[in-house]
Amino acid sequence: MKQNIPFWMLLPVILSSCVVSKPDASYISDLDYNQRVEIRNAHYKRRISPLGVGALVAGTAAGGYLGYQSDVIVRQEGDVREPVAEANAAIGALLGFAAVNMTHYLLGLNRTKRVEDQQKWLRRSDKDYLLLRQNSKSDFWAMHQNSEGETYQVRNIQDVQDFIRAFPGSPHSDAVAAKGMDKLARKDLLALLELMPETTHRLSIMEAYARRSRSVGEAVEAFQRFRGLRQVAEAHALTLVRDIGDAEEFMAGFPNTSYGPDVGAKAAPALQNLDETRRFLALFPDKMHQEDIIQALSGKAPRDELPEVIGLLSESEGVIKLQKRYVSESPDIKALFAACRKYPQASFGIDPNLNIYQLEPARKLFYQLKRLGEELGQSNSFQLQLNLKEIYLSHALDQAERAGKIGALERFINSVQAEDWLEKSSGSYLKSARNSIAALQQAEDRRRRQSELAEARWKGIRHLVRFAQQNKGTEEARAAAAEINDFLQRHVLIVDKFIWSAAGDRSWLNDFYEQSRDWISGGDKYNVFVGGVLKNTSNEWLSLKVNARVNMVCLSNFSIIMKRSEQTLDEYYYLELAPGEEAPILTLFRNVSTGTRVGSSLLLSAGSNCDINNDNPFGLEFEYYPENISPEVAEKQYQLMKAAAKAGNLSTRQSPMDNVNRLFNASYDDGYGNLHIYTPMGYQCTITVRDKEGRVVASEQTDDDAQLGRLRTGETYTVDVSGLAVFSIFLDDRIEQRIVDEEGNVEVYQEGN
C-alpha cells in the first residue's frame, strides 16, 4: 500500500525539509575566566539543509538534461538545422538551479525568528552550555558545563551568584565562599552571607566586614549589625579615629568602652579651635589630655579665641604657651600692651605702661621688639616695629603741626633724621612736615605782602608799582596791577593814533595772478602799520604794554554760497613813560593777506577776499606792564620806527617779474618812470594822464592794459579811465600798477621798491 503512494503527495514533505531553522546571534563573546560567554541578539535563521543542497544539485542536473534534449538553440548549415546541445544543456541547468533556489526562498530561506526558550536555543547551538542569567530573551549569559567548581574564580559578587546557579549543592561552595571573603568589597560581603548562609566561613566573613570599615561610623554599623563582633569592630574603629568628630562617634557607638583614653589621645592633636575644644572637654572631662590640647591649639586656634581657651585650660601648666602666642600675635602696639596687661607672666618683659609718644620710650621699645624677633616670631616682631614707628611719627608730626610754627616742624624733621630706627618709615611724614612748613611760609608771606600792599596804597602809585614789580605772580601783585591799571586809565592819554598799509612780500604767485587776472586774482600781502602817541599826565614813572589791534573782515564764497567772518590781529609795544612825557609807538602787522579768488562769474567762482573793517578798522589799548623791558625788545621797536619813518615800509621781497622790470627801468634817464594801468579784458577805453596843471602828458586807447612811460617821477598825476574811474597817483621811481574793475573800483596791485 505504501509503495503505491503518489510522488506528488511526498513532494511538500521533501521540499519543507530543504530549509531548516538554525541558532544564530549578533555577538558571542570569548570564554571568560569562569568559562562564561555573553550572547547578544540571539535568534533563529532559516538555512539550506543537506537535503536542500541535494535538491539544488538534482534540479540543476535535471534542468541540464532536459535542456540537452531540447532544440532551443540550433545551428544551421545550408538546409540542415542541428540543435546546439551544449548551449541548450547550460540554459537548462541554469533554469533548473533558479527554479529550485526560488523554491528555497519561498520556503523562508535567510528569514529570522525570535527566541522563546533560551535553554532550547543553547541546546541546539551547543549542548554543553548552561543558561546562567538573562537580560532579555535575546540577550543572556551561559556557562560551559565542563567548568569545575574546584577551579572557579571569584572576583565580584556576580561570580558567586553564577556559581550557585551553575553548581547548586556543590562540595566546593566553602572554597568559593573563602575566595569571596578575600576578594569581595566590604559592601558585597553582606550579599555573600545571604547567598551562602550555611558556609563554615560565616564568622570570618562577618569579621572581614568589620575590619574593612573605612570610618568609625562604618565600624559602629558593623558592631550594631553583628553584636558578637564588638571587640573586633571596637579595636578597628580605634585605628580610624582622626578628629573630634570621630571621637564623638566612637564614644556614642561603643558605650562604656575601655578605649576612652586612647580615643582622647588620638583626637586631641587634631583640635583646631574653641568649638572643638569645648566638645572635646565635654567628652573627656578628666583633663588628662590638656597638654595635648595646648600643643594642638598653640599653632592652630584663631588668636581671638585664645583667651576663652586659656580660661578652659587655666589649671594646666602649659597654658602659658597659649598666653605667649596671644601676646606675640598682637596685631598692633595697642593690642600688645593690652595683652601684656592681661597676661603679665607671658609679656616677654615688655612694659605696657611705656609712653611711646615720647622719643626715648619709643626708641627703647623698638629695639626691645627687634631683640625679641625669635620669641615673638620674626613676622610678628617686624609688624609691631612698623606700627610703633607709625604711632610715634604720626603723633610727633601732629603735635608739631598743632603748634603752627615753622620752628616746631623743623625740630620734628631734625629729630627724625637723627634717629636711624625711624629712617625707613619717615619719608611720607618728612614730606608732610615740609609741605606744612611751605604752607606756613606761604601764609606768612601772604600776610607780609598784604601788609606791604596796604602800606603801598597809602604811600601812592609809585610804591604800588614797586610792590607789583617785587611780588610778581602773586595774588597781591595782581590786585596791585588792577589798581595801577585804573590809575593808568585816568592818567595816560592817547593823543593820536593812525593806521597805514604798504606793500608786503611778493613771489612768483603774484606774477602768475597778474598774467591770469581774468580768472585768478588776489594773493597780495600788505604790511599794515598801527601807531599813535601816548602821554603820561601823572607825576610817576609808568611802564606800559600797548595792544595794537587790526580788525579784519573776510568774505568767502563757493559759487553762490557766501560766508562773512571777522578776525582780529594783535601786536604789542612796550614803553616806559616819564612823568609828563609824550612818546610815539609803532607796531607792524607784516604780510597781511587779502585772500585769493578763482573764477570771474557769480556761479563759477570760489575763494576769499579779506580787508580791514571800515566800520572799526583798528584800536589801541594799554595796561600796566610789571616786567622789565628787555634791551632786545626796545632795540627791535626802535629799528621798526626808524625804518618806517625813512621809507614808509620795511624792505620787502620782490617777485621775479618785479626784478625784471626794475632792471628794465634802469635804462631810462634818471627822473622818469612807467605807469601800468589794467582794465577789464575786452573793455574799450581811453586812458588819459594829466599833470597838476591839467596838461595831458600821456594818453592811450586800450581794451586790456596800458603802460604809460616817460613820466617824470616825484610828481602827482590825475588818471582818467574813460567811463570807469578817475583817480590821483604819486609817481616815484618805482613801477606802479593799478587795476580798475568793471565797477570802476581802483585797486593797488603791485608796488615794487
Side-chain angles (χ1 to χ4, degrees), residues 456-457 460-469 472 477-504 525-554 566-592 594 610-650:
R457 286 168 176 160
I461 191 66
R462 183 181 306 171
H463 296 275
L464 203 59
V465 170
R466 186 179 301 114
F467 172 84
Q469 291 175 338
K472 297 172 184 177
R478 288 189 289 272
E483 297 179 24
I484 295 170
N485 280 326
D486 181 65
F487 179 87
L488 293 179
Q489 301 306 318
R490 290 183 283 112
H491 292 88
V492 175
L493 302 178
I494 300 176
V495 298
D496 190 16
K497 58 181 180 178
F498 53 85
I499 182 173
W500 85 79
S501 63
K525 296 179 181 178
Y526 292 92
N527 292 334
V528 179
F529 296 87
V530 174
V533 179
L534 278 67
K535 182 176 182 180
N536 179 7
T537 64
S538 73
N539 296 323
E540 306 290 343
W541 281 85
L542 301 176
S543 181
L544 302 178
K545 175 183 178 182
V546 182
N547 180 16
R549 178 170 296 146
V550 174
N551 300 315
M552 303 288 293
V553 175
C554 292
E566 298 181 1
Q567 66 181 86
T568 301
L569 309 178
D570 292 285
E571 289 290 343
Y572 301 94
Y573 192 92
Y574 304 89
L575 76 160
E576 190 173 19
L577 291 175
E581 181 183 5
E582 186 175 285
I585 66 166
L586 183 65
T587 59
L588 168 64
F589 296 84
R590 192 175 182 89
N591 290 324
V592 177
T594 62
C610 298
D611 204 348
I612 296 174
N613 189 342
N614 292 327
D615 296 331
N616 181 24
F618 76 104
L620 290 177
E621 297 177 354
F622 56 84
E623 63 181 5
Y624 166 66
Y625 185 63
E627 307 290 338
N628 294 325
I629 302 173
S630 69
E632 293 80 11
V633 171
E635 177 65 18
K636 183 178 180 180
Q637 294 178 162
Y638 169 72
Q639 293 297 335
L640 172 64
M641 194 172 292
K642 180 180 176 181
K646 180 180 179 181
N649 197 0
L650 298 183

*So how far is it from R462 CZ to N539 CG, rounded to the nearest 0.5 Å?*
8.5 Å
*asked:* Strictly by salt bridge (Lys or Arg N to Asp or Glu O under 4.0 Å), give each pair with a member in residues 575-584 just once, sequence neighbours left out.
replied: none
*Could you go through the side-chain contact (heavy atoms from CB on, under 4.5 Å) check for D570 and N547 one step at a time?*
CA-CA 7 Å; D570 292 285; N547 180 16; 3.2 Å; yes
_How long is the straight-line distance from CD of E540 back to CZ of R466, given to the nearest 0.5 Å?_
9.0 Å
*Are V546 and L534 close enough that some pair of their side-chain heavy atoms sits under 4.5 Å apart?*
yes
*Just checking, K545 and Y573: is the charged tip under 6.0 Å from the six-membered ring centre and within 45° of the axis?*
no
_For E632, all residues meeting side-chain contact (heavy atoms from CB on, under 4.5 Å), sequence neighbours excluded_ = S630
*If a pair satisfies salt bridge (Lys or Arg N to Asp or Glu O under 4.0 Å) and one of its residues is in residues 619-631, list it, with sequence neighbours excluded.*
K472-E627, R549-E621
_Suppose we screen for ring pair (Phe, Tyr, Trp, His ring centres under 6.0 Å). Which residues come up paired with W500, at least two apart in sequence or across chains?_
F498, F529
*Run the numbers on Y526 and N591 for side-chain contact (heavy atoms from CB on, under 4.5 Å), then give the verdict.*
CA-CA 5 Å; Y526 292 92; N591 290 324; over 6 Å; no
*side-chain contact (heavy atoms from CB on, under 4.5 Å) involving A643 - partner list, sequence neighbours excluded*: L650
*Enter the distance from M641:CE to T587:OG1 here, rounded to the nearest 0.5 Å.*
9.5 Å
*asked:* Holding to ring pair (Phe, Tyr, Trp, His ring centres under 6.0 Å), I want the full list of residues that pass it with H463, two or more places apart in sequence or in another chain.
replied: none
*Does a sphere of radius 6.0 Å around CG in N616 hold more than 12 heavy atoms from other residues, nucleotides or ligands, not counting ones at 6.0 Å or beyond?*
yes
*Looking only at heavy atoms, which two atoms of Y624 and A468 are closest? And how far apart?*
OH-CB, 3.5 Å
_Within-4.5 Å side-chain heavy-atom neighbours: D611 and V553_ = no
Side-chain polar contacts of residues 633-640 - donor-acceptor pairs under 3.5 angstrom, sequence neighbours left out - could you list them?
from	atom 1	to	atom 2	distance (Å)
E635	OE2	Q639	NE2	2.7
Q637	OE1	Y574	N	2.8
Q637	NE2	Y574	O	2.8

*Who are the side-chain contact (heavy atoms from CB on, under 4.5 Å) partners of A482, not counting sequence neighbours?*
none
_If you apply the rule side-chain contact (heavy atoms from CB on, under 4.5 Å), what do you find for I484 with I461, and how did you get there?_
CA-CA 7 Å; I484 295 170; I461 191 66; 3.9 Å; yes
_Beyond-backbone contact of V550 with V592, side-chain heavy atoms, under 4.5 angstrom_ = no
*Test ring pair (Phe, Tyr, Trp, His ring centres under 6.0 Å) applied to F622 - qualifying residues, sequence neighbours left out*: none
*Kindly write out the residues that satisfy side-chain hydrogen bond (donor to acceptor under 3.5 Å, both in side chains) with S538, not counting sequence neighbours, or none if the list is empty.*
N536
*Taking all non-hydrogen atoms of both residues, which atom of A477 and which atom of F467 are closest, and how far apart?*
N-CE2, 4.1 Å
*Could you give the distance from CD (Q489) to CG (N485), rounded to the nearest 0.5 Å?*
6.5 Å
*From OG (S501) to CD1 (I612), nearest 0.5 Å*: 6.0 Å
*Backbone N or O of N613 within a donor-acceptor pair of the N551 side chain at under 3.5 Å?*
no
*Does any N or O in the side chain of S543 come within less than 3.5 Å of the main-chain N or O of Y625, such that one atom is a donor and the other an acceptor?*
yes
*In Å and rounded to the nearest 0.5 Å, what is the NZ to CG distance from K642 to L586?*
14.5 Å
*asked:* So which atom in A503 and which in N527 form the shortest heavy-atom distance, rounded to 0.1 Å?
replied: O-ND2, 3.3 Å
*Just jot down the ring pair (Phe, Tyr, Trp, His ring centres under 6.0 Å) partners of F487, sequence neighbours excluded, or say none.*
H491
*Please report the shortest heavy-atom distance between L620 and G531, naming the atom on each side.*
CD1-O, 3.6 Å
*Can you find a pair of side-chain heavy atoms, one from I585 and one from V533, that are under 4.5 Å apart?*
no
*Over 12 foreign heavy atoms within 6.0 Å of CG, N628*: no
*Given the rule in the side-chain contact (heavy atoms from CB on, under 4.5 Å) test, do V492 and T537 qualify, once you have shown the distances and angles that lead to the verdict?*
CA-CA 6 Å; V492 175; T537 64; over 6 Å; no
*Excluding sequence neighbours, so at least two apart, what forms side-chain contact (heavy atoms from CB on, under 4.5 Å) with R457?*
L453, L464, A479, E483
*Any side-chain heavy-atom pair from L569 and M552 closer than 4.5 angstrom?*
yes
